[in-house]
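The shown structure was predicted, so the numbers you read here are calculated from the model rather than taken from an experiment. Each chain gets a letter, A, B and so on, in the order its sequence line appears, and its residues count up from 1.
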Amino acid sequence: MPELPEVEVTRLSFAPAISGGQIQQVQLGKPLRWPLGCAPQQLVGQTVLGVRRRGKYLLLDLSAGLLLVHLGMSGSLTFMRTAPVAGKHDHFDLVTSHGVLRLHDPRRFGAAVFADSEQAASAQKLLGGLGLEPLSAEFEPQVFYAQLHLRKAPIKQVLLAGDVVVGVGNIYACEVLFRAGIRPTTRAARISRARVLRLHEAIVHVLALAVQQGGSTLRDFSNAHGETGLFQLQARVYGRAGQPCHACGQPIRLMRQGQRSTYFCSRCQT
DNA sequence: AGAATGACCTGCTGGC
DNA sequence: TGCCAGCAGGTCATTC
């Protein structure tokens with residue numbers, strides 16, 4: 001489900017409310033992708049100082065460490081005053097004095113992991129090896145170009161890998177490449193500087209727009225208040241196989257790249 | 001090191 | 001209706 005915009009929308013929807021809350025209880029359901037990494041009791045008594053985001057990870061700053069939350073493919077968070085009895089797919093509850101943060105995740109590719117510090121989290125390679133943050137000043141076109149120039153893999157797969165730029169998942173990779181007019185199979189290193197600049201612009205534009213639109217709700221994404229997003233209405237290629245390209249009328253094509261679906265327009269993307 | 005592949009897990013859809 | 005194959009927004013370990 002969640003790519004950078006959905007994670008950011010989620011963050012914005014509960015960060016102010018939870019900040020300052022003291023953890024009173026932690027409830028675990030079925031195992032998630034990774035174990036919590038500490039006894040639940042160790043979190044109790046700590047205060048949630050704030051919520052940041054790195055790539056698709058949410059970072060809850062606690063008074064004595066960091067709680068990393070990842071939504072995987074099917075995760076979503078809700079924040080409520082009091083929580084109803086946990087359902088079949090509710091696998092993590094953080095009960096605080098300000099309310100309950102609940103992770104709902106049918107496929108359980110998500111996780112909540114405690115780390116003593118950001119360094120410790122990197123050491124566990126949860127945050128290690130992540131690329132540039134696309135909505136920050138560090139995402140400079142020249143740096144982006146230099147990085148892409150080192151990579152021979154198809155640009156779509158380089159974007160998804162997240163070690164050059166973070167947060168661009170399958171939907172937004174397709175959208176961004178369409179808007180930049182670049183064929184997803186093009187080797188990253190072979191893209192001209194001018195086209196990389198267009199791609200850079202498309203990434204910043206599309207991700208920022210998607211955050212503004214509340215993310216993409218394809219099946220079930222919603223923010224921590226249960227509100228769905230609107231960006232899917234702006235999707236120009238994703239999920240539109242066989243339908244006419246909005247720019248040229250050619251049918252949008254679907255192909256597989258590294259076991260993921262890629263949607264593109266064979267006329268507009270060269 | 002970078003690139004390609006399989007693995008993790010559940011639910012839904014479409015075809016027979 | 002039932003069953004099975006294939007698909008889904010992510011990322012890690014393993015292999016070459």
Worksheet item: When we call it a touch if two heavy atoms are under 4.0 Å apart, what does A/F231 touch: a base, just sugar-phosphate, or nothing?
Response: nothing
Discussion item. Just N and O in the side chain of A/K152: are any of them under 4.0 Å from OP1 or OP2 of B/dA1?
Written reply: no
Discussion item. Could you tell me how far apart A/L160 (CG) and B/dT5 (C1') are, to the nearest whole angstrom?
Written reply: 15 Å
Worksheet item: To the nearest angstrom, how far is A/K156 atom NZ from B/dA4 atom P?
Response: 13 Å
Worksheet item: Going by an N to O cut-off under 4.0 Å, is there a salt bridge joining A/E201 and A/R198?
Response: no
Item to complete: Measure from the side-chain heavy atoms of A/H89 and tell me the nearest of C/dG10, B/dG11, C/dC12.
Response: B/dG11
Response to the item:
When rounded to whole Å, the CD to C1' distance for the pair A/Q259 and B/dC8 reads 13 Å
Worksheet item: Between the side chains of A/T262 and A/R256, does any donor sit under 3.5 Å from an acceptor?
Response: no
Practice prompt. Tell me what A/R151 touches on the nucleic acid: a base, only sugar-phosphate, or nothing, going by heavy atoms under 4.0 Å.
Written response: sugar-phosphate
Worksheet, complete the sentence: Regarding the side chain of A/R107, the nearest nucleotide among C/dG10, C/dC7, B/dC9 is B/dC9
Item to complete: Answer yes or no: is there a donor N or O on one side and an acceptor on the other, between the side chain of A/S76 and the main chain of A/S222, under 3.5 Å?
Response: no
Worksheet item: To the nearest Å, how far apart are A/L127 CG and C/dC12 C1'?
Response: 14 Å
Item to complete: Determine, using ring centers only, whether A/F231 and A/Y172 are less than 6.0 Å apart.
Response: yes
Worksheet item: Of all the nucleotides listed (B/dA4, C/dG9, C/dC12), which has the minimum atom distance to the side chain of A/R33?
Response: C/dC12
Discussion item. Closest approach to the side chain of A/H70, judged atom by atom: which nucleotide of C/dT11, C/dG9, B/dG6 is it?
Written reply: C/dT11
Discussion item. Please check if the number of heavy atoms outside A/H149 that lie under 6.0 Å from its NE2 is greater than 12.
Written reply: no
Worksheet item: Does C/dG10 have OP1 or OP2 sitting under 4.0 Å from an N or O in the side chain of A/R260?
Response: yes
Worksheet entry | Whole-Å distance separating the CG atom of A/L4 from the P atom of C/dG10 | 11 Å
Item to complete: Could you check whether A/G258 gets within reach of a base, just the sugar-phosphate, or nothing at all, counting any heavy atom under 4.0 Å?
Response: nothing
Item to complete: Using atom CG of A/L32 as one end and atom P of C/dG10 as the other, report the distance to the nearest whole Å.
Response: 17 Å
Worksheet item: Whole Å only: how far is the CZ atom of A/R219 from the P atom of B/dT10?
Response: 18 Å
Worksheet item: Just by modelled atom types, is the A/G55 backbone N or O under 3.5 Å from a matching donor or acceptor in the A/E133 side chain?
Response: yes
Worksheet item: Nearest of B/dT10, C/dT11, C/dG9 to any side-chain atom of A/L218?
Response: C/dG9
Worksheet item: What is the pairing partner of C/dG9, taking Watson-Crick or G-U wobble pairs with both distances under 3.5 Å in any strand?
Response: none
Discussion item. Any side-chain N or O of A/Y172 below 4.0 angstrom from OP1/OP2 of C/dG9?
Written reply: no
Practice prompt. Tell me whether A/F109 is stacked on the nucleobase of B/dC8, counting only the six-membered base ring and applying the 5.5 Å and 30° thresholds.
Written response: yes
Discussion item. Taking only side-chain N and O atoms of A/K30, does any of them lie within less than 4.0 angstrom of OP1 or OP2 on B/dC9?
Written reply: no
Worksheet item: Could one point to a donor on the side chain of A/R108 or the base of B/dC9 with an acceptor on the other under 3.5 Å away?
Response: no
Item to complete: Figure out the CG/C1' separation between A/D163 and C/dC12, and round it to whole Å.
Response: 13 Å
Discussion item. Could you tell me how far C/dT14 sits from B/dC9 if I compare only their P atoms? Round to whole Å.
Written reply: 16 Å
